[in-house]
Q: 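Attaching a single structure in structure tokens format; questions to follow.
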Amino acid sequence: MATKAKKKVKKKKSSLLMIAVSFAVFLLLSVIGGYFSLLYAGDRMIAENEQKLKDLKAEPTVIYDKNGVELTSLIREKNREYKSISEMPKILTNAFLAVEDRRFYDHKGVDMVRIGGAIINDIKKGSLAEGGSTITQQLARNVFLTLDQTFWRKTKEMSIAIGLERKYSKDQILEMYLNRVYLGKGEFGVEDASRYYFGMSVDSDKFTIAKAAMLAAIPKAPTTYNPFNNPEKAKLRRDTVIRLMAEQGIITEAQKIEAQAEPLPTEPSEVPGSSGLKKGYRAFFDHMVEEAEATYGVTEEELYRGGWSVYTTFDPKIQDAMVKEYDNPKNFPKDGTERSVESAMIVLDAKNGGIAGMMGGRNYAVKGFNLATDMKRQPGSSFKPIAVYAPAIDIDSKKWGPNSSLSNKKQSFNGYEPRNYNNKYSETVSMNRALIDSLNIPVVWLLNEIKVPTALKYLEKFGIEMEPEDRNLAIALGGLSKGTSPLKMAQAYTAFVNGGVVSEGHTITKIENKAVGILREYEVKQTEVLKPQTAWTVHTMLERAVQEGTGKAARISGRHVAGKTGTTQSTIGDSSVNKDAWFVGYTPEYVGAVWMGFDKEDKNHLMRQGSSLTAQMFSKVLAEGLKGVKSTDFVRPGGAVEEEPEEETTPPIQLEATMTMDSNTQQLQVLLSWIGGEPDYTYDVYRVKENGQSQKIAADVKDTIYIDVLDSPVKYRYMVIPRNKDGQEQTPSPIVDINTKQLENLINDGQDHHEDGNNQGGIPEENGNGDSGQLPPDTGNGDQTNGQPTDGQGNSGNQGNQGNQGNSNGGEAPPPDIGNPNGNQPGSSSGGIELPPPPEDGSQQTFPEGTNG
């Protein structure tokens with residue numbers, strides 16, 4: 001019995017051993033079979049596509065505008081001169097090997113050590129990065145494979161690499177790679193790139209170690225590390241390659257130090273490879289290329305290799321209108337001694353957020369810092385609708401609406417004392433009138449009622465990034481710690497056209513490569529932020545702000561326009577100086593945001609004009625860009641009702657006279673500004689002497705600002721008399737004295753002091769409701785003019801804002817939409833904002849501190 005059991009166990013062990021041996025043989029055969037399958041697959045793919053190794057020229061990538069018309073094509077021609085490896089300097093090939101594939105001459109196409117490390121990395125990160133590729137694999141990927149990042153693609157890449165190593169020598173593979181590697185700016189191959197960046201061939205006797213290292217530094221991220229796009233990042237990467245070369249014994253320590261000290265090449269004013277773009281189109285193009293990679297995974301290198309069709313949201317009529325108006329210096333405030341006032345503009349499709357055009361700056365550099373999308377500046381009063389008015393109406397439309405009474409009394413909010421720009425107050429004012437006249441007290445009071453956390457919640461949905469420091473009442477006036485961009489503001493305002501839905505700004509609707517069977521389409525990204533009724537209610541107020549308020553300069557003859565101005569005050573100039581000027585507005589077709597300001601303020605670079613010029617820029621661009629497009633009215637969303645505005649009596653004229661000094665001529669002048677009256681009023685301006693005698697110094701002024709240049713030491717008082725459209729005189733303004741405080745500060749402090757709305761004695765504590773008012777808010781002024789006194793016969797001098805001359809809307813400029821809240825106060829300090837550095841593939845242009853104006 002025992003013997004039988006032993007035989008049974010022995011038989012079972014023999015069976016298990018046979019199974020194990022069979023499995024091992026099967027596994028070995030599978031590995032061998034898999035290996036030969038890989039070899040066969042690689043050899044077959046090489047055989048079928050061998051011509052690609054000899055000629056990489058493909059169909060060009062074509063970029064289309066919103067109408068399906070070709071905007072430009074990216075044509076990558078064959079290398080001008082194919083360089084054999086024997087013609088390349090050894091230092092160049094060694095530089096690439098040092099950083100890209102140190103074990104190139106040891107492996108058989110695949111470096112299992114690097115691949116293993118890359119796989120572990122991918123597992124840890126949960127991604128499918130392209131790490132661990134040898135030079136042979138990079139050649140295989142660039143020539144034979146599509147862009148899909150999958151393990152199957154990696155397998156094919158390895159099989160082709162092994163096949164290439166069996167078919168070609170190491171030197172042949174390295175030669176093909178160096179003639180085809182993408183090195184940024186549309187340049188393929190080391191010879192083309194060397195001529196582009198350095199103006200010389202790689203076999204020139206002036207081709208240095210530093211130049212070799214620079215070329216070898218680029219492939220890791222061609223957009224970021226080429227020396228023309230981002231010199232600082234390019235130099236860091238180049239110096240890393242030089243260090244690796246020294247560590248590997250390719251160069252000496254002395255050679256390393258000398259090479260790292262060599263300056264980078266600078267981009268000439270005229271370079272090839274402009275992609276055939278028209279003037280002014282580059283900012284849109286660069287943003288589109290970034291979006292192609294970020295959203296669709298198609299890199300700049302792949303676009304330049306050809307074969308793609310990219311369908312965009314670009315409207316050439318809008319962009320051409322921008323280019324035309326940005327070429328006219330009369331559309332901008334006066335230049336400083338060394339720099340011009342900067343500006344950015346972006347226009348989005350009102351319904352879907354498609355970017356129709358953009359100006360990334362008045363002198364946007366290729367791949368430069370884009371002021372329309374990347375800049376952050378304080379938005380001033382253009383922030384009021386999205387930060388306060390819309391949230392208030394949305395949370396309780398029965399309590400808050402256009403006819404609601406808001407406090408307009410001068411008051412302190414736990415130590416924070418905002419001020420209306422003209423220092424005029426009343427018990428209450430309607431929300432409608434507060435927005436139309438851009439009053440500060442009512443909107444801060446309203447934010448204090450609905451609470452700051454409520455506003456922050458809505459702003460997040462609007463797509464505005466806020467900082468922890470922004471938890472205060474100053475956000476009611478756009479007093480953000482860092483600011484925001486024209487793109488973000490334009491996106492937010494799409495809610496008022498779209499029934500409360502914010503549409504994401506984007507440039508690409510579809511991208512495809514028929515040769516490799518790839519088609520990717522834009523997935524609409526919209527966020528419901530407001531109820532349709534709220535959106536329509538705020539819209540009606542914004543439309544009136546353009547018809548009769550601070551946004552008059554944005555009116556377009558024959559078209560419906562709505563929007564809001566915004567200004568912030570200078571940190572170093574007097575109260576007549578603005579740091580930022582904004583207009584954000586829209587027609588039924590498009591939403592646009594315009595910003596102007598100096599990148600950095602100093603005594604020689606102060607902007608004395610404001611939001612009338614940004615509003616005027618919007619008007620000119622949209623009027624030209626919409627020529628031939630049938631005018632339509634705004635469409636009220638379904639379910640929304642028209643709220644009848646209460647009958648408003650004509651507000652009395654409120655006049656302020658401020659003594660100041662012309663910074664250029666040192667001549668004394670009086671800035672007269674007023675609010676009240678009706679949209680069709682004109683105004684007569686009077687000097688009033690001490691004996692009560694009055695002298696008309698200007699007649700039929702259409703603006704609400706006038707500058708009286710003093711021609712004697714007489715201390716005048718002033719009065720304004722409005723006339724209706726029939727020329728009949730209406731109720732005069734009160735006679736007012738000249739406020740000389742600003743001039744006294746200017747003289748005593750050399751322009752170091754200014755009325756910037758800073759808080760008394762520093763930062764107040766929170767008021768117990770989670771709200772504090774510690775940051776100085778939007779405190780810019782409106783737009784100054786160069787009116788001259790008349791001969792006393794009623795003939796006005798140079799009236800109104802000079803920038804508005806010839807404007808289709810009648811040349812009307814708004815009053816200052818934001819004044820300083822507190823005036824000059826001891827112990828106050830200027831807040832500051834810091835703009836971000838240029839993006840990864842931006843230029844070296846930087847923008848330093850801004851202000852909490």
Side-chain angles (χ1 to χ4, degrees), residues 350 381-386 388-390 392-393 397 400-406 408 420-421 428-440 442-443 446 493 495-497 530 533-566 582-588 591-592 611-612 614-616 618-619 622 631-637 640-652 654 674-681 702-704 722 724-725 782 809-810 812-818:
S381 285
S382 64
F383 212 55
K384 292 175 179 177
I386 60 176
V388 184
Y389 291 126
I393 296 171
S397 60
W400 306 115
N403 299 321
S404 300
S405 293
L406 311 181
N408 192 33
N420 290 338
Y421 78 90
T428 62
V429 67
S430 72
M431 183 187 293
N432 225 335
R433 182 53 51 187
L435 187 147
I436 291 168
D437 291 340
S438 201
L439 302 178
N440 287 342
V443 73
L446 181 57
Y493 269 58
F496 303 128
V497 197
L530 305 170
Q533 179 65 61
T534 302
W536 183 252
T537 300
V538 177
H539 156 73
T540 58
M541 295 193 292
L542 290 172
E543 195 166 11
R544 287 190 64 185
V546 170
Q547 291 168 353
E548 58 187 277
T550 60
K552 287 179 183 177
R555 293 182 297 187
I556 302 173
S557 178
R559 291 194 182 275
H560 294 273
V561 179
K564 186 72 189 72
T565 54
W582 290 78
F583 180 78
V584 187
Y586 52 93
T587 67
V591 180
S611 56
S612 69
T614 51
Q616 178 180 279
F618 174 92
S619 172
L622 271 295
S631 177
T632 58
D633 199 352
F634 293 106
V635 178
R636 188 170 64 211
V641 297
E642 194 78 50
E643 186 168 349
E644 289 296 326
E646 289 182 352
E647 285 294 324
E648 293 186 24
T649 57
T650 300
Q654 300 179 50
W674 58 94
I675 60 171
E678 296 291 342
D680 57 359
Y681 276 7
K702 294 181 180 179
D703 212 338
T704 51
N724 64 19
K725 61 182 179 180
N809 60 31
E812 297 182 17
D817 71 355
I818 302 297

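What you are looking at is a predicted structure, and each value in this text was computed from that prediction instead of being measured.
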Q: Mind checking the CD-CD spacing from E543 to E548? Nearest 0.5 Å is all I need.
A: 10.5 Å
Q: Kindly indicate whether the side chain of V561, heavy atoms from C-beta on, has any atom under 4.5 Å from the side chain of Y586.
A: no
Q: Please give me the minimum heavy-atom distance between G563 and V546, naming the atom from each residue.
A: N-CG2, 3.4 Å
Q: Could you grab the distance from atom CG of L439 to atom OG of S430, nearest 0.5 Å is fine?
A: 9.0 Å
Q: Considering residues at least two apart in sequence or located in another chain, which fulfil the side chain to side chain contact (heavy atoms under 4.5 Å, CB included) criterion with S397?
A: I393
Q: If the test is side-chain contact (heavy atoms from CB on, under 4.5 Å), which one of V538, I436, L446 qualifies with M431?
A: L446
Q: Of all heavy-atom pairs between A554 and F583, which one has the smallest distance, and what is that distance?
A: CB-CZ, 3.4 Å
Q: Taking all non-hydrogen atoms of both residues, which atom of A535 and which atom of A495 are closest, and how far apart?
A: CB-O, 3.5 Å
Q: Are L435 and L542 packed together at the side-chain level, in the sense that at least one heavy-atom pair is separated by less than 4.5 angstrom?
A: yes
Q: Can you sort out the partners of Y389 under ring pair (Phe, Tyr, Trp, His ring centres under 6.0 Å), two or more places apart, ordered by chain and number?
A: none
Q: Considering all heavy atoms of both residues, which atom of A553 and which atom of S612 are nearest to each other, and what is their separation?
A: CB-O, 3.6 Å
Q: From the options Y493, W582, F383, select the one residue that forms a side-chain contact (heavy atoms from CB on, under 4.5 Å) with K564.
A: Y493
Q: Could you check if a side-chain atom of N408 sits within less than 4.5 angstrom of a side-chain atom of T428, using non-hydrogen atoms only?
A: no
Q: Taking all heavy atoms of V429 and all of P442, pick out the closest pair and write down the distance.
A: CG1-CG, 3.5 Å
Q: In sequence, state the C-alpha distance, the side-chain angles, and the governing distance for T704 and Y681, and then conclude on side-chain contact (heavy atoms from CB on, under 4.5 Å).
A: CA-CA 10 Å; T704 51; Y681 276 7; over 6 Å; no
Q: With no hydrogens and no angle check, is any side-chain donor or acceptor of R555 less than 3.5 Å from a backbone partner on S619?
A: no
Q: Check for a donor-acceptor pair, side chain of R544 on one end and backbone N or O of M541 on the other, with a separation under 3.5 Å.
A: no
Q: Where do K384 and V388 land on the side-chain contact (heavy atoms from CB on, under 4.5 Å) test, with the steps shown first?
A: CA-CA 6 Å; K384 292 175 179 177; V388 184; 5.6 Å; no
Q: Suppose we call two aromatic rings close when their centres sit under 6.0 Å apart. Are F496 and F634 close by that rule?
A: no
Q: Run the side chain to side chain donor-acceptor pair (under 3.5 Å) check on T550 and T565 step by step: do they pass?
A: CA-CA 6 Å; T550 60; T565 54; 2.9 Å; yes
Q: What pair of heavy atoms forms the shortest contact from D703 to W674, and how long is it?
A: O-CZ2, 3.3 Å
Q: Evaluate side chain to side chain donor-acceptor pair (under 3.5 Å) for T537 paired with Q533, printing each intermediate quantity in order.
A: CA-CA 6 Å; T537 300; Q533 179 65 61; 3.2 Å; yes
Q: Test of understanding: with side chain to side chain contact (heavy atoms under 4.5 Å, CB included), list the residues that count as partners of P637, not counting sequence neighbours.
A: P532, W536, A640
Q: Just how far is it from atom CG of L622 to atom OG1 of T587, taken to the nearest 0.5 Å?
A: 5.0 Å
